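Note that the coordinates shown come from a computational prediction; the quantities given were computed from them, not determined experimentally. Computed over heavy atoms, backbone and side chain alike; hydrogens, waters and symmetry mates excluded.
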Amino acid sequence: GRFTGALAAESWSTLTNVHVEGKIVSTGEVVGGIVANNCAPIDQSSFTGEGTSGGTWGGIAGDTYASITRSHTNVNIATIGYMSSLYHHLAGIAGTAMVSGTVMLPVEISDCYVQGTLTDRLGYAQTAGIVATLANGATITRCFNTASISAKRLAGRETDDPTGGIVGFAREGSVTDCYNAGTIVKSGESDMVGGVVAYLSVGYITTSGLPTQMAYQCYVKNCYNSGQIVSSSAENRKGVIGSSYFYLDFDPIGECISNCYNDSQITGLKGTVYDMTTSALTSTTLPTGFSSTVWQTKAGYYPTLRTIADNDAVRLSSVALHLAAQESSRKMKSTATMSQAQDVSWKLFDGDKFVDSTDALAINGNSLSVKDKYSNSILVALGKGASMRMYRLAVVPKAFEGEGTQQSPYLIRTVADFRKLNEAVATYQQPHEGDFFRMTNDIDFNLADDFSGVGYRYSPAIGFGGTFDGGGFTIHKLKIAAVS
């Protein structure tokens with residue numbers, strides 16, 4: 001049928017303390033872990049399990065036209081097909097949440113959280129940790145996501161579907177006091193990726209003789225993101241917001257988003273009004289706008305919500321990787337520390353297993369130290385069951401003399417040093433942005449065939465991003481055969 005729900009295909013009755021475990025495989029238009037088409041409040045309920053669908057998928061409800069409160073999911077759910085543009089949503093709590101003129105109930109998603117994985121395998125779903133599409137006056141309050149989100153945009157497809165840590169598509173509603181700790185990975189060319197909200201849909205009303213006005217805003221405030229975002233978008237604001245509909249001189253992002261923050265060290269995204277360092281975000285001082293009646297702090301841990309009692313999901317969401325000051329996940333050069341918590345363990349992922357040491361990094365207690373190999377490593381905070389938080393770390397060992405600063409640049413003395421720098425850029429895509437290098441003497445390549453410049457042989461090209469001082473010396477007999 002059209003609707004598939006473990007408890008009910010469609011519900012017009014209040015549901016309380018409903019807990020479902022299992023697997024759901026649906027070929028219908030809308031599927032929910034508890035209810036597919038929800039038209040009455042759901043409270044203190046949960047879904048733990050897995051499943052697939054070709055349509056809209058929500059961990060608690062596929063589509064909801066009523067409030068969902070104090071509920072949670074631990075899921076491994078995926079969209080594997082495409083039915084139509086009406087049924088293409090994937091989220092941990094509700095695929096869509098909107099006020100209905102037929103149901104005529106308020107719609108508030110509050111005090112909810114999500115663990116596990118959410119995967120858009122085909123590339124046609126709006127995907128988010130809490131709600132994929134929020135509209136028509138619906139609200140999200142005091143919710144968090146730790147689920148890993150994986151999505152894609154198909155090559156050549158004209159339209160794009162938003163992927164967000166809390167909300168995918170937001171129009172005429174609000175998101176308040178929420179946070180995302182889940183990793184977001186989206187392949188393909190996409191600007192609709194955001195740590196909190198992926199796309200703000202607004203409208204513009206023009207009346208003859210009157211100024212144009214913005215309409216249908218969704219206001220997002222007092223939220224933060226500590227999850228990494230891996231996507232093609234070059235917009236550093238994606239730590240919080242992906243994109244919006246811009247028109248004339250209107251700034252929907254500036255108007256709609258306030259007191260929202262992004263851990264710029266963990267995401268490697270900086271240069272926006274949302275930037276906060278890990279140490280600032282995990283201090284005992286709450287970010288501007290955050291209320292101590294809603295949020296609680298603990299030194300070295302991310303803020304959590306007072307209304308959601310301490311549990312394994314809360315602890316996993318709060319632990320932090322503390323990189324050295326001035327470093328980020330895009331360039332880790334020094335020893336880092338990891339905050340500890342009950343039911344959380346830190347491991348390195350090495351090919352097909354979790355380990356304490358690799359060629360590039362080593363875990364010793366709460367310390368993560370850098371060894372002598374360049375690497376793009378994966379660090380994981382493992383929670384209960386399959387819950388985890390992942391960190392991609394671009395590891396930069398001390399491969400040259402010097403410190404890489406303007407006062408003490410890395411010294412390039414030999415052909416081997418140039419080859420090492422090329423390996424960093426071409427093999428590990430480490431541009432050494434912000435680092436300083438200086439050549440200390442003449443260098444003779446003797447027409448070698450295995451070096452044609454720093455960054456050569458990597459496609460697409462990764463440019464060297466550091467500052468190189470030739471020191472007045474000369475490179476001899478450098479053979480370049482890259483262009484006919």
Side-chain angles (χ1 to χ4, degrees), residues 111 113 115 142-146 165-166 176-183 195-196 221-228 239-240 259-270 272-329 332-348 356 361-370 379-384 387-391 393:
D111 304 310
Y113 64 90
Q115 301 168 269
R142 299 183 306 275
C143 294
F144 74 87
N145 171 61
T146 65
I166 301 297
T176 308
D177 293 317
C178 296
Y179 66 96
N180 174 60
T183 305
V196 178
K221 63 179 181 179
N222 305 342
C223 298
Y224 78 86
N225 171 62
S226 64
Q228 282 197 329
V240 170
N259 299 333
C260 289
Y261 306 95
N262 168 61
D263 187 330
S264 56
Q265 287 185 275
I266 292 302
T267 60
L269 304 169
K270 58 184 180 179
T272 74
V273 295
Y274 313 121
D275 292 4
M276 284 192 78
T277 63
T278 307
S279 62
L281 197 48
T282 60
S283 73
T284 55
T285 301
L286 284 168
T288 300
F290 283 36
S291 170
S292 60
T293 62
V294 176
W295 297 88
Q296 56 193 353
T297 64
K298 180 180 177 181
Y301 296 78
Y302 292 110
T304 56
L305 297 161
R306 291 186 178 276
T307 52
I308 300 178
D310 180 59
N311 59 40
D312 60 291
V314 171
R315 291 189 290 272
L316 180 62
S317 74
S318 71
V319 295
L321 171 66
H322 294 268
L323 298 166
Q326 310 305 319
E327 294 186 13
S328 76
S329 59
M332 177 185 176
K333 301 162 65 175
S334 310
T335 297
T337 59
M338 304 160 293
S339 51
Q340 306 294 303
Q342 180 185 342
D343 300 320
V344 177
S345 61
W346 293 88
K347 294 290 181 180
L348 294 161
D356 291 322
L361 293 170
I363 295 174
N364 184 12
N366 70 338
S367 176
L368 181 66
S369 59
V370 175
L379 175 70
V380 182
L382 295 170
K384 273 189 173 181
S387 297
M388 67 177 70
R389 297 179 64 182
M390 295 184 292
Y391 302 81
L393 301 173

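Classified by interplanar angle (parallel below 30°, tilted 30° to 60°, perpendicular above 60°), the ring pair Tyr224/Tyr179 is parallel.
Take Ser345 and apply the side-chain hydrogen bond (donor to acceptor under 3.5 Å, both in side chains) test, not counting sequence neighbours, and it matches no residue. Remark: Thr146 engages no residue in a side-chain hydrogen bond (donor to acceptor under 3.5 Å, both in side chains) (not counting sequence neighbours). Applying the side chain to side chain contact (heavy atoms under 4.5 Å, CB included) test to Val273 and every residue at least two apart in sequence or in another chain returns nothing. Scanning for ring-ring contact (aromatic ring centres under 6.0 Å, His included) contacts around Tyr261 gives Phe290, with sequence neighbours left out. Tyr301 is linked by a ring-ring contact (aromatic ring centres under 6.0 Å, His included) to nothing, counting only residues two or more places apart in sequence or in another chain. Among residues two or more places apart in sequence or in another chain, the side-chain hydrogen bond (donor to acceptor under 3.5 Å, both in side chains) test is passed with Thr337 by none. Every residue two or more places apart in sequence or in another chain that forms a side-chain hydrogen bond (donor to acceptor under 3.5 Å, both in side chains) with Thr293 is listed here: Ser291. When the salt bridge (charged side-chain N to carboxylate O under 4.0 Å, His left out) test is applied to Lys347, the partners found at least two apart in sequence or on another chain are Asp356. Here Ser369 pairs with Thr335, Ala362 under the side chain to side chain contact (heavy atoms under 4.5 Å, CB included) rule; sequence neighbours left out. Asp111 is linked by a salt bridge (charged side-chain N to carboxylate O under 4.0 Å, His left out) to Arg142, counting only residues two or more places apart in sequence or in another chain.
Within a 6.0 Å sphere centred on CD of Gln340, heavy atoms belonging to other residues, nucleotides or ligands number more than 12. Shown here is Lys221, whose NZ atom has no more than 12 heavy atoms of other residues, nucleotides or ligands within 6.0 Å.
Between Thr282 atom OG1 and Met276 atom CE the span is 8.5 Å, to the nearest 0.5 Å. Here the CE atom belonging to Met332 is positioned 12.0 Å from the OH atom belonging to Tyr391, to the nearest 0.5 angstrom. Atoms CD and OG1, on Glu327 and Thr277 in that order, are 13.5 Å from each other to the nearest 0.5 Å. The line from OG of Ser328 to CG of Asp263 is 10.0 Å long, rounded to the nearest 0.5 Å. Between atom OG1 of residue Thr278 and atom CD1 of residue Ile266 there is a gap of 4.5 Å, rounded to the nearest 0.5 Å. Considering CD of Gln296 and CD1 of Ile308, their distance stands at 10.0 Å, rounded to 0.5 Å.
When all heavy atoms of Pro287 and Leu281 are compared, the pair lying nearest together is CG-CD1, 3.8 Å. Counting all heavy atoms, side chain and backbone alike, Ala313 lies closest to Phe144 at O-CE1, 3.8 Å. Closest approach of Thr267 to Gln228, counting heavy atoms only: CG2-CA, 4.3 Å. Residue Tyr302 comes nearest to Ser226 through the heavy atom pair CZ-CB, 3.5 Å, listed as atom of the first residue, atom of the second, then distance. Of all heavy-atom pairs between Ala381 and Val319, the closest is CB-CG2, 4.3 Å. Contact record, Leu323 with Ser329: CD1-N, 3.5 Å, taken as the closest heavy-atom pair.
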* Could you walk me through whether Tyr113 and Leu305 pass the side chain to side chain contact (heavy atoms under 4.5 Å, CB included) test, one step at a time? => CA-CA 11 Å; Tyr113 64 90; Leu305 297 161; over 6 Å; no
* Asked: When you look at Leu379 and Leu361, which way does the side chain to side chain contact (heavy atoms under 4.5 Å, CB included) test go after all the steps?
  -> CA-CA 9 Å; Leu379 175 70; Leu361 293 170; 5.8 Å; no
* To do: Decide yes or no on side chain to side chain donor-acceptor pair (under 3.5 Å) for Tyr274 and Asn225, but give the supporting numbers first.
  => CA-CA 10 Å; Tyr274 313 121; Asn225 171 62; over 6 Å; no
* To do: Starting from the C-alpha separation in whole Å, work towards a yes-or-no answer on side chain to side chain contact (heavy atoms under 4.5 Å, CB included) for Leu286 and Thr297.
  => CA-CA 7 Å; Leu286 284 168; Thr297 64; 3.3 Å; yes
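Using a distance-only test at 3.5 Å, with no hydrogens or angles considered, a donor-acceptor pair links the side chain of Trp346 to the main chain of Ser339. A donor-acceptor pair under 3.5 Å links the side-chain atoms of Gln265 to the main chain of Ala324, judged by distance alone. Judged purely by atom type and a 3.5 angstrom limit, Ser387 has no side-chain atom pairing as donor or acceptor with the backbone of Gln115.
Annotation: salt bridge (charged side-chain N to carboxylate O under 4.0 Å, His left out) contacts involving residues 276-288, sequence neighbours excluded, are absent. For residues 291-318, the pairs satisfying salt bridge (charged side-chain N to carboxylate O under 4.0 Å, His left out) are Asp310-Arg315, Arg315-Asp343, with sequence neighbours left out.
A donor and an acceptor atom, one from each side chain of Asn222 and Thr176, are nowhere located under 3.5 Å apart.
Looking only at side-chain heavy atoms (C-beta outward), Thr272 and Asn262 stay at 4.5 Å or farther from each other.
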